[in-house]
Undergrad: 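Dropping a structure here in structure tokens format, bear with me for questions.
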Amino acid sequence: VSTQSTGSSGINAEYGNAQDPNCAGIEGVIHAYQTALQNVALSGPTNCAPIIRTATRYANACATTPHGGQGYLILLILTDGQFTDLQACVQAIQQAQQSPISIIIVGVGNADFSNMEYLDGDRTNSAARTRDIVQFVPFNKYCHGTGGQTSASPSLLARELLAELPGQVEKYYTSRKIAPLGKKMH
């Protein structure tokens, strides 16, 4: 969340408890989002590398839970433009690949999101990527028609947003030989 008062981007505790920024279920996410909208002024620049690094630290903490390392974090980023710290984001994503985290980026509006496609990496063969953890989806592709007609398809949007998530989670746990709770790895 960017705030005009600080002129920077980062995880902002104005919507909840700074000591425990977790949300309980989808209702918790919706409540945090609604509260944040009332308490912040969205602005640029959009620097997301600090958010990715902070989320990665939380994800690493999830990996040391009493449940045998079964914690996994999904970072959802809504943006109306390019990240102004693209190279720092690339580095943060590369560092996060070994952590139990997936990053879903939703581009809202008519901005040029070509750099987001680059971060997604589905169309590039980056040797630096050991695990694909980013999914980018342009919101307008699923919620606006062409020729001035609007056609919403929330189910297609949800399917696209979550398409890579099962494989990302599975690859993380398989690479660490962590079995689902109650199961044994072969």
Side-chain angles (χ1 to χ4, degrees), residues 1-3 5-6 8-40 42 45-79 83-106 116 119-122 126 128-137 158 161-185:
V1 172
S2 298
T3 63
S5 60
T6 62
S8 65
S9 297
I11 292 180
N12 190 315
E14 291 184 43
Y15 62 84
N17 182 345
Q19 304 307 315
D20 183 15
N22 298 309
C23 298
I26 193 66
E27 293 83 15
V29 172
I30 292 169
H31 179 285
Y33 176 73
Q34 290 171 337
T35 304
L37 284 179
Q38 296 171 10
N39 294 315
V40 299
L42 301 178
T46 305
N47 296 320
C48 280
I51 294 169
I52 295 168
R53 286 193 293 271
T54 300
T56 301
R57 284 193 299 275
Y58 284 122
N60 289 332
C62 289
T64 59
T65 64
H67 302 292
Q70 294 286 323
Y72 197 90
L73 189 132
I74 300 167
L75 173 62
L76 173 64
I77 300 173
L78 305 175
T79 183
F83 295 163
T84 51
D85 61 342
L86 184 65
Q87 280 310 112
C89 284
V90 169
Q91 292 171 345
I93 290 167
Q94 288 172 343
Q95 293 167 351
Q97 292 175 99
Q98 301 305 314
S99 300
I101 187 171
S102 290
I103 303 168
I104 298 173
I105 304 169
V106 180
M116 301 303 169
L119 289 176
D120 187 331
D122 288 345
S126 175
R129 289 227 174 145
T130 56
R131 186 170 75 92
D132 177 14
I133 64 170
V134 178
Q135 174 72 342
F136 170 73
V137 176
L161 285 172
L162 302 174
E164 296 179 8
L165 191 58
Q168 292 171 351
V169 173
E170 180 182 19
K171 187 168 184 180
Y172 172 78
Y173 287 117
T174 301
S175 70
R176 280 152 189 76
K177 296 182 174 44
I178 299 173
L181 291 176
K183 303 283 183 180
K184 292 184 180 182
M185 291 294 289

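Hydrogens, waters and symmetry mates play no part in the numbers below; they use all other heavy atoms, side chains included.
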Undergrad: Side chains of Ile133 and Ile93, heavy atoms from C-beta outward: is any pair under 4.5 Å?
TA: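 A side-chain contact exists here, since the closest heavy-atom pair is under 4.5 Å.
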Undergrad: Of the non-hydrogen atoms in Cys89 and Phe83, which two are nearest, and what is the gap between them?
TA: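 Closest approach of Cys89 to Phe83: SG-CD1, 3.6 Å.
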Undergrad: Give me the atom names and distance for the closest heavy-atom approach of Ile101 to Ala96.
TA: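 Scanning both residues completely, I find the closest heavy atoms to be CG2-O, 3.6 Å.
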Undergrad: Are Val137 and Asp120 side-chain neighbours, meaning at least one heavy-atom pair lies under 4.5 Å?
TA: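 Side chain of Val137 against side chain of Asp120, heavy atoms only: no contact under 4.5 Å found.
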Undergrad: Parallel, tilted or perpendicular: which describes the rings of Tyr172 and Tyr72, with under 30° parallel and over 60° perpendicular?
TA: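 Tyr172 and Tyr72: perpendicular rings.
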Undergrad: Might you point out which heavy atoms bring Ala59 and Ser99 nearest each other, and give the distance in Å?
TA: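 Smallest interatomic distance, heavy atoms only, reads CB-CB, 4.5 Å.
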Undergrad: Determine the minimum heavy-atom distance between Leu75 and Ala55, stating which atoms define it.
TA: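 Smallest interatomic distance, heavy atoms only, reads CD2-CB, 3.9 Å.
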Undergrad: Quick one: does any side-chain atom of Arg53 pair with a main-chain N or O of Ala92 as donor and acceptor, under 3.5 Å?
TA: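 Absent.
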Undergrad: Would you find a donor on one side and an acceptor on the other, under 3.5 Å apart, between the side chain of Ser102 and the backbone of Ile74?
TA: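 Between the backbone of Ile74 and the side chain of Ser102 there is no qualifying donor-acceptor contact (under 3.5 Å).
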Undergrad: Under 3.5 Å, side chain of Gln135 to main-chain N/O of Leu161, donor-acceptor pair present?
TA: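 No: the side chain of Gln135 does not pair with the backbone of Leu161.
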Undergrad: Atom CD1 in Ile103, atom CG in Leu73: separation rounded to 0.5 Å?
TA: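 Here the interatomic distance stands at 9.0 Å.
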Undergrad: Does Gln97 use its side chain to pair, donor to acceptor, with the backbone of Gln94 at less than 3.5 Å?
TA: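 Side chain of Gln97 to backbone of Gln94: a pair is present.
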Undergrad: Using 0.5 Å steps for rounding, measure from the CG atom of Leu76 to the CD1 atom of Ile104.
TA: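 Those atoms lie 6.5 Å apart.
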Undergrad: Taking the side chain as every heavy atom from C-beta outward, state whether Glu164 and Asp132 have any atom pair closer than 4.5 Å.
TA: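 Yes - at least one pair of side-chain heavy atoms lies under 4.5 Å apart.
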Undergrad: When you measure from the side chain of Asp85 to the backbone N and O of Cys48, does any donor-acceptor pair fall under 3.5 Å?
TA: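 Such a contact is found between Asp85 side chain and Cys48 backbone.
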Undergrad: How close do Leu119 and Val134 get, counting heavy atoms only, and between which atoms?
TA: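 Residues Leu119 and Val134, closest heavy atoms: O-CB, 3.7 Å.
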Undergrad: Is the side chain of Asn60 donor-acceptor paired with the backbone N or O of Thr56 at a distance under 3.5 Å, no angle test?
TA: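 Yes, the answer is positive, given that a donor and an acceptor are paired below the 3.5 Å cut-off.
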Undergrad: What residues, two or more places apart in sequence or in another chain, satisfy side chain to side chain donor-acceptor pair (under 3.5 Å) together with Ser175?
TA: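 Ser175 satisfies side chain to side chain donor-acceptor pair (under 3.5 Å) with no residue once adjacent residues are dropped.
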